[in-house]
Amino acid sequence: MKVLLIDDHPLFRVGLRGLVAQLDATVTVTEADSLSAAQQFAGNHDGFDLLLIDLRMPGMDGSEGIKILKKAAPNAPLVVFSG
């Protein structure tokens with residue numbers, strides 16, 4: 001399973017990456033610290049099985065960011081989280 005984890009807080013990404021990796025030995029997690037980085041990853045990889053995105057990141061309108069990511073990775077389920 002290929003997961004794209006998108007959040008601007010490095011410490012949170014480390015923690016969530018560890019939790020997701022424990023789900024299965026075959027899980028690979030790619031991290032993006034911004035919407036633009038996430039778009040690049042989504043466009044440059046074979047495809048992600050799951051997108052995990054923080055709703056509130058600097059420079060990103062939550063609903064607009066979701067639309068942009070769904071366009072970049074239309075077949076991947078998207079889970080939104082927010083503190």
> Under 4.5 Å between side-chain heavy atoms, counting indirect links through other Ile/Leu/Val/Met/Phe/Trp/Tyr residues: same cluster for Phe12 and Val27 or not?
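In one cluster with Phe12: Val27, yes.
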> Between OG of Ser36 and CE of Met57, what distance do you get to the nearest 0.5 Å?
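Here the rounded value is 9.0 Å.
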> For residues 48-55, dump all side-chain donor-acceptor pairs below 3.5 Å to protein atoms at least two apart in sequence or in another chain.
{"unit_1": "Asp49", "atom_1": "OD2", "unit_2": "Lys2", "atom_2": "N", "d": "2.7"}
{"unit_1": "Asp54", "atom_1": "OD1", "unit_2": "Arg56", "atom_2": "N", "d": "3.2"}

> Determine whether Met1 and Thr28 make a side-chain contact, defined as any pair of heavy atoms from C-beta on separated by less than 4.5 Å.
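Result no, sub-4.5 Å side-chain heavy-atom pair not found.
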> Are Val79 and Val29 in one and the same hydrophobic cluster, where Ile, Leu, Val, Met, Phe, Trp and Tyr link if side-chain heavy atoms are under 4.5 Å apart?
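Same hydrophobic cluster.
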> Which distance, rounded to the nearest 0.5 Å, do you find between the CG of Leu69 and the CD1 of Ile66?
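One gets 8.0 Å once the value is rounded to the nearest 0.5 Å.
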> NZ/Lys70 to CG/Leu78 distance, rounded to the nearest 0.5 angstrom?
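Reported to 0.5 Å precision, the distance equals 6.0 Å.
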> Taking the side chain as everything from C-beta on, heavy atoms only, tell me whether Val20 gets closer than 4.5 Å to Leu5.
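No. Closest side-chain heavy atoms not under 4.5 Å.
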> Between Leu16 and Phe81, does a side chain to side chain contact (heavy atoms under 4.5 Å, CB included) hold up when you go through it step by step?
CA-CA 11 Å; Leu16 191 53; Phe81 57 87; 4.0 Å; yes
> When you look at CG of Leu23, are more than 12 heavy atoms from neighbouring residues, nucleotides or ligands closer to it than 6.0 Å?
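Correct, the count exceeds 12.
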> Show me the pairs that pass side chain to side chain donor-acceptor pair (under 3.5 Å) and involve residues 3-26, at least two apart or across chains.
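Side chain to side chain donor-acceptor pair (under 3.5 Å) check on residues 3-26 returns Asp7-His9, Arg13-Glu31, Arg17-Glu31, Asp24-Thr26.
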> Would you sort out whether Leu35 and Ile68 count as a side chain to side chain contact (heavy atoms under 4.5 Å, CB included), showing the intermediate values?
CA-CA 8 Å; Leu35 180 62; Ile68 289 168; 3.9 Å; yes
> Could you name each residue pair satisfying salt bridge (Lys or Arg N to Asp or Glu O under 4.0 Å) that touches residues 71-80, not counting sequence neighbours?
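Listed once each, the pairs would be none.
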